[in-house]
Amino acid sequence: MSTEPQSTDNADASVTAPPRAADVPRSLAEALRSRDDDALAGLLRARPDLLNPVPNDLTQLATRAGTRASVVRALERLDRFAQQVAEVLAVAPDPASYEEVRRLLAGDDGDAAVEAALPRALATLHAQALVWGPDDRLRLVRTARELLAPAPQHPSPTGLGPTVAEATAGMSPTRVQDIVTAAGLPTTHDPVSAVQSLTALFTDRTRMSALLDEAPAESVEVLSRLVWGPPYGQVTADPARHLRWLLDRGLLLPTAPGTVVLPREAALHLRAGRAHRTPEPVPPAVEVAREYRPQVVDAAAAGQAYTALATVEELLKDWDEGGPAVLRAGGLSVRDLKRTAVALDTSEPLAAFWVELAYAAGLLASDGEADERYAATPAYDEWQELPAAERWSALATAWLAATRTAGLVGGRDGKDRTLSALGPHLDRSTAPEVRHRVLALAATLPEGTAPVPETLQARLRWERPSASRSRPAQDGAANPSDSPTPQDLRSRIAQWTLNEAEMLGVTGRGALSSHGRALLSGSSGPEEVSADPSVEQSLAAAHATRLLAPLLPEPLDHVLLQADLTAVAPGPLERPLGDALAILADVESKGGATVYRFTPGSVRRALDAGQSASDLHAFLAAHSRTPVPQPLAYLIDDVARKHGHLRIGAASAYVRCDDEALLNEILADKRAQSLRLRRLAPTVLAAQADPGTLLDGLRAMGFAPAAESAEGDVLITRAHAHRTPPRSAPEPAPDGPPLPGATLIGAAVRAIRAGDLASTAPRKEAPTSPSDGRLPRTTAAETLATMQAAVLTGEALWIGYVNAEGTASQRVIAPVRVEGGFVTAYDHTADEVRTYPLHRVTGVAELADD
């Protein structure tokens with residue numbers, strides 16, 4: 001790595017001795033060629049888009065690293081100070097020295113924090129192939145310079161304008177000499193030397209200060225408005241006297257009719273040599289909002305975790321027999337989301353979060369039928385059988401990795417379409433990275449400590465500045481992007497993460513819980529790649545489960561019956577007890593304790609499910625820590641005595657009853673008019689409604705009918721659990737190309753090295769060899785003769801080869817055998833013995849003797 005700047009790898013900023021001319025790389029490809037394998041692997045890990053497909057050699061790697069799309073992506077993933085260093089290199093001379101970059105960042109007065117952080121930032125830019133060359137000849141890749149350099153269409157993020165030489169490029173020589181004279185400089189013989197003289201004046205602190213001391217106060221005011229950018233202003237054809245003073249001395253230079261610009265050298269003098277108004281070498285600290293005992297945080301988080309499990313179970317139980325219909329465009333309708341929110345007793349945004357969480361965990365999906373509806377998946381039944389801590393771990397793991405972003409529900413997409421829950425446009429590839437980083441920053445604080453959300457947001461914006469940070473402030477005002485804007489998706493996801501982590505029980509009272517820390521340990525950050533992420537996540541989930549399990553309440557096998565026809569469950573109930581009680585009674589209130597109320601309708605529901613009065617009495621006696629109250633026993637007996645007295649079957653539908661007076665009462669009731677009943681016999685009524693409608697109508701009138709089969713037996717109605725076919729959880733949408741593993745990177749580095757060896761191997765020049773050094777085109781006879789000669793002499797050859805897919809490559813081979821139209825050779829490029837068809841060899845050349 002002789003061509004890499006040594007000072008960027010160490011804490012001190014001392015400039016090394018200038019390297020010999022032979023050691024200075026002339027291109028990014030040469031700079032990459034001098035790197036060791038670890039450095040190349042680091043580049044491919046930081047910029048995985050360079051691997052698709054694997055470059056043939058280092059020249060192709062350098063070309064791909066300089067493409068606009070790749071450079072833009074790399075710049076966007078830099079932290080704020082590394083971006084500022086790249087922005088300084090874009091306005092510095094090309095090439096620039098380390099000292100020039102330091103002065104532009106630290107200014108005339110110096111800045112210890114900038115000087116300490118600069119080596120790290122330059123090392124980052126070098127590692128990502130955005131900067132190359134030694135410390136005395138630092139070069140920003142051309143595409144990055146074009147993106148960050150100032151132009152009238154897009155001013156530099158530093159707020160600086162063009163240099164004097166750039167701004168006067170199209171100016172007449174006479175006008176240039178007039179400016180030099182007005183500035184108090186001697187005239188020159190040519191415009192080039194005149195521009196150099198003016199540039200020297202603007203970069204000389206003493207002479208420039210003396211010139212500005214002579215400026216009118218109004219002129220100084222104009223410069224102060226332009227100094228921090230944008231540096232462009234408008235003037236009329238007849239400018240005012242104070243503007244004319246600036247124009248005459250070149251402190252404002254025309255760039256277009258009616259438009260002037262403050263030259264870069266003059267602006268830097270007014271800024272005291274600083275390219276940025278506020279360098280940000282140090283990331284903002286995450287401040288502490290509140291401190292709690294870790295046990296308090298864990299207890300609060302465990303309570304939230306239990307509530308989350310109960311909410312998801314209630315949601316899927318509500319959709320057990322088939323949930324809402326799927327919209328034609330996909331997703332849940334606004335009306336169905338409102339109904340779900342009412343059923344869960346929560347707001348619509350929170351209902352959207354729980355629905356999306358169940359979907360991300362694979363517990364909920366569409367059934368795929370003609371009348372498509374949402375329903376629980378078979379995985380939900382398996383999930384229900386798990387212990388509570390394992391069920392929570394499954395939800396939290398799915399949430400942390402999901403790209404589905406519930407906070408967007410109700411908003412609009414780029415085509416002004418409403419974003420619906422479970423809809424197709426809610427994936428945001430940055431969501432997992434932001435969630436992980438928010439929790440990771442919270443984990444840097446001591447246990448039991450809640451961060452200040454605003455400082456956490458500021459830290460996230462420093463680590464990954466948004467696009468708005470790349471534009472200078474207007475009229476010298478503070479940069480408006482210093483605070484999050486509604487358009488800043490990362491800031492919004494970070495805020496949603498804090499809220500969702502609290503609801504899910506990952507945090508408690510705003511602080512990261514112990515089981516949340518354990519869960520986070522198995523989730524790789526955006527720059528981390530483990531050998532087997534799934535194994536790490538499984539181990540982390542198991543650890544989180546072990547920490548959470550003792551904090552969750554144990555399920556109870558009893559309730560407390562009260563005389564007011566209610567039952568109190570002082571904690572979570574065992575699943576069989578909870579399911580049976582949910583049929584026998586209605587939930588009246590929830591919280592630390594759940595209150596169930598017994599009503600005639602709920603008791604009738606249990607009787608419809610096949611229970612008898614004696615079964616209900618035995619069930620309550622077995623699971624109540626208090627005696628069964630007499631009013632509840634009377635209620636059960638009274639409903640059971642009336643249950644089935646009326647019988648409904650299918651004609652269209654009919655009602656039969658041995659009590660003629662009861663049938664007369666039904667016929668006389670005005671509420672029965674919609675059922676269109678008529679008497680067929682003293683004990684039988686016929687209806688023009690289906691049996692289900694007739695059953696519901698009579699129950700609404702206060703009767704207790706029972707359905708019967710065609711044979712006259714009472715039908716027992718049990719809840720039908722509708723399930724989708726087996727469904728897998730939705731795959732997260734990747735943020736760009738997937739992060740490569742160590743094995744892939746190692747293989748890619750070897751392939752690139754081998755391809756580079758083939759393309760750069762010294763070779764003998766044939767008489768017909770092109771002057772640019774490309775592989776010569778040889779005839780089939782020449783190729784065969786050269787191959788046969790190499791077999792006899794044992795020499796290596798340089799060949800061009802086109803495979804069956806039409807991909808051309810260059811290889812260094814040592815032929816071993818030539819027969820049957822094939823050559824068998826040791827391929828130095830692939831490091832193995834291979835056989836090649838001779839008709840696919842486009843050309844061959846002997847390697848040089850050295």
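Because the structure is a prediction, the values reported are computed rather than measured. Every heavy atom of this structure was used, including side-chain atoms; hydrogens, water molecules and symmetry mates were not.
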**Student:** Are the side chains of Val587 and Tyr596 in touch, meaning some heavy atoms are under 4.5 Å apart?
**Tutor:** yes
**Student:** For Ser602, give me all partners under side-chain hydrogen bond (donor to acceptor under 3.5 Å, both in side chains), at least two apart in sequence or on another chain.
**Tutor:** Thr599
**Student:** Could you give the distance from CG (Leu512) to CZ (Arg517), rounded to the nearest 0.5 Å?
**Tutor:** 5.0 Å
**Student:** Who passes salt bridge (charged side-chain N to carboxylate O under 4.0 Å, His left out) against Arg417, sequence neighbours left out?
**Tutor:** Asp413
**Student:** Using side chain to side chain contact (heavy atoms under 4.5 Å, CB included) as the criterion, list what pairs up with Arg391, not counting sequence neighbours.
**Tutor:** Leu309, Glu313, Trp383, Leu386, Ala388, Arg575
**Student:** Take Lys642 and Arg604 through the test side-chain contact (heavy atoms from CB on, under 4.5 Å) and record every step on the way to the result.
**Tutor:** CA-CA 10 Å; Lys642 298 178 181 178; Arg604 184 176 61 243; over 6 Å; no
**Student:** Please examine the side chains of Leu504 and Trp399, heavy atoms only from C-beta on, and report whether any two atoms are closer than 4.5 Å.
**Tutor:** yes
**Student:** Mind checking whether Val438 and Ile493 have side chains closer than 4.5 Å, heavy atoms only?
**Tutor:** no
**Student:** Closest heavy-atom contact between Ile583 and Ala606?
**Tutor:** CG2-CA, 3.8 Å
**Student:** If you look at every heavy atom in Ala389 and Leu552, which pair is closest and at what distance?
**Tutor:** N-CD1, 3.7 Å
**Student:** State, to 0.1 Å, how close Ala672 and Met701 come at their nearest heavy-atom pair, and which atoms those are.
**Tutor:** CB-CE, 3.9 Å
**Student:** How long is the span from the CG atom in Leu426 to the CG atom in Leu408, to the nearest 0.5 Å?
**Tutor:** 6.0 Å
**Student:** Is there a donor-acceptor pair under 3.5 Å between the side chain of Arg656 and the backbone N or O of Thr683?
**Tutor:** no
**Student:** With sequence neighbours excluded, tell me which residues meet side-chain hydrogen bond (donor to acceptor under 3.5 Å, both in side chains) with Gln384.
**Tutor:** Tyr380
**Student:** Between Arg597 (side chain only) and Asp564 (backbone N and O only), is there a donor and an acceptor less than 3.5 Å apart?
**Tutor:** yes
**Student:** Tell me, do Val639 and Phe598 make a side-chain contact under 4.5 Å, heavy atoms counted?
**Tutor:** no
**Student:** Using a 6.0 Å cut-off, check whether atom CG of Asn664 has over 12 heavy atoms from anything other than its own residue.
**Tutor:** yes
**Student:** For Asp336 and Leu327, what are the C-alpha separation, side-chain angles and deciding distance, and is it a side-chain contact (heavy atoms from CB on, under 4.5 Å)?
**Tutor:** CA-CA 10 Å; Asp336 287 328; Leu327 293 175; over 6 Å; no
**Student:** Flag yes if more than 12 heavy atoms outside Arg679 fall under 6.0 Å of its CZ atom; otherwise flag no.
**Tutor:** yes
**Student:** Of all the heavy-atom pairs spanning Pro424 and Gly330, show the shortest one and how long it is.
**Tutor:** CD-O, 4.1 Å
**Student:** Just distance, no hydrogens or angles: give the donor-acceptor pairs under 3.5 Å from side chains in residues 350-362, sequence neighbours left out.
**Tutor:**
unit_1 : atom_1 : unit_2 : atom_2 : d
Glu356 : OE1    : Arg404 : NE     : 2.9
Glu356 : OE1    : Arg404 : NH2    : 3.3
Glu356 : OE2    : Arg404 : NH2    : 2.9
Glu356 : OE2    : Leu422 : N      : 2.6

**Student:** Distance-only criterion, 3.5 Å: show the donor-acceptor pairs between side-chain atoms of residues 553-562 and protein atoms not counting sequence neighbours.
**Tutor:**
unit_1 : atom_1 : unit_2 : atom_2 : d
Gln562 : NE2    : Thr566 : OG1    : 3.0

**Student:** Under 4.0 Å between a side-chain nitrogen and a carboxylate oxygen: does that hold for Asp586 and Arg605?
**Tutor:** yes
**Student:** Could you give the distance from CD1 (Ile666) to SG (Cys657), rounded to the nearest 0.5 Å?
**Tutor:** 7.0 Å
**Student:** Test of understanding: with ring-ring contact (aromatic ring centres under 6.0 Å, His included), list the residues that count as partners of His425, not counting sequence neighbours.
**Tutor:** none
**Student:** Walk me through whether Leu337 and Val409 qualify under side-chain contact (heavy atoms from CB on, under 4.5 Å).
**Tutor:** CA-CA 10 Å; Leu337 181 61; Val409 172; 4.1 Å; yes
**Student:** Output all residues satisfying side-chain hydrogen bond (donor to acceptor under 3.5 Å, both in side chains) with Glu372, sequence neighbours left out; order by chain, then residue number.
**Tutor:** Ser366
**Student:** Are Pro725 and Thr377 side-chain neighbours, meaning at least one heavy-atom pair lies under 4.5 Å?
**Tutor:** no
**Student:** Within this structure, what is the OG1-CD distance for the pair Thr340 and Glu314, rounded to the nearest 0.5 Å?
**Tutor:** 11.0 Å
**Student:** Are Val506 and Arg435 packed together at the side-chain level, in the sense that at least one heavy-atom pair is separated by less than 4.5 angstrom?
**Tutor:** no
**Student:** Check Leu439 against Ala501 and note the closest heavy-atom contact, atom names and distance.
**Tutor:** CD2-CB, 4.3 Å
**Student:** Give me the atom names and distance for the closest heavy-atom approach of Ala431 to Thr405.
**Tutor:** CB-OG1, 3.9 Å
**Student:** For a side-chain contact (heavy atoms from CB on, under 4.5 Å) check, start with the C-alpha distance between Leu498 and Thr507, then their side-chain angles and the critical distance, and finish with the verdict.
**Tutor:** CA-CA 8 Å; Leu498 293 173; Thr507 60; over 6 Å; no
**Student:** Using the salt bridge (Lys or Arg N to Asp or Glu O under 4.0 Å) rule, collect all pairs that involve residues 496-515, keeping only residues at least two apart or in two chains.
**Tutor:** none
**Student:** Among pairs that include at least one residue of residues 297-307, which meet side-chain hydrogen bond (donor to acceptor under 3.5 Å, both in side chains), considering only residues two or more places apart or in two chains?
**Tutor:** Asp298-Ser514
**Student:** By side-chain hydrogen bond (donor to acceptor under 3.5 Å, both in side chains), which residues pair with Thr626, not counting sequence neighbours?
**Tutor:** Ser624
**Student:** Provide the full list of ring-ring contact (aromatic ring centres under 6.0 Å, His included) pairs with a residue in residues 491-515, sequence neighbours left out, each pair given once.
**Tutor:** Trp392-His515
**Student:** Atom CG of Leu694 and atom CZ of Arg676: how far apart are they, to the nearest 0.5 Å?
**Tutor:** 13.0 Å
**Student:** For a 4.5 angstrom cut-off between non-hydrogen side-chain atoms, does Lys338 reach Arg335?
**Tutor:** no
**Student:** Crowded around Arg412 CZ? As in, over 12 foreign heavy atoms under 6.0 Å?
**Tutor:** yes
**Student:** To the nearest 0.5 angstrom, please state how far the CG atom of Leu489 sits from the OG1 atom of Thr430.
**Tutor:** 5.0 Å
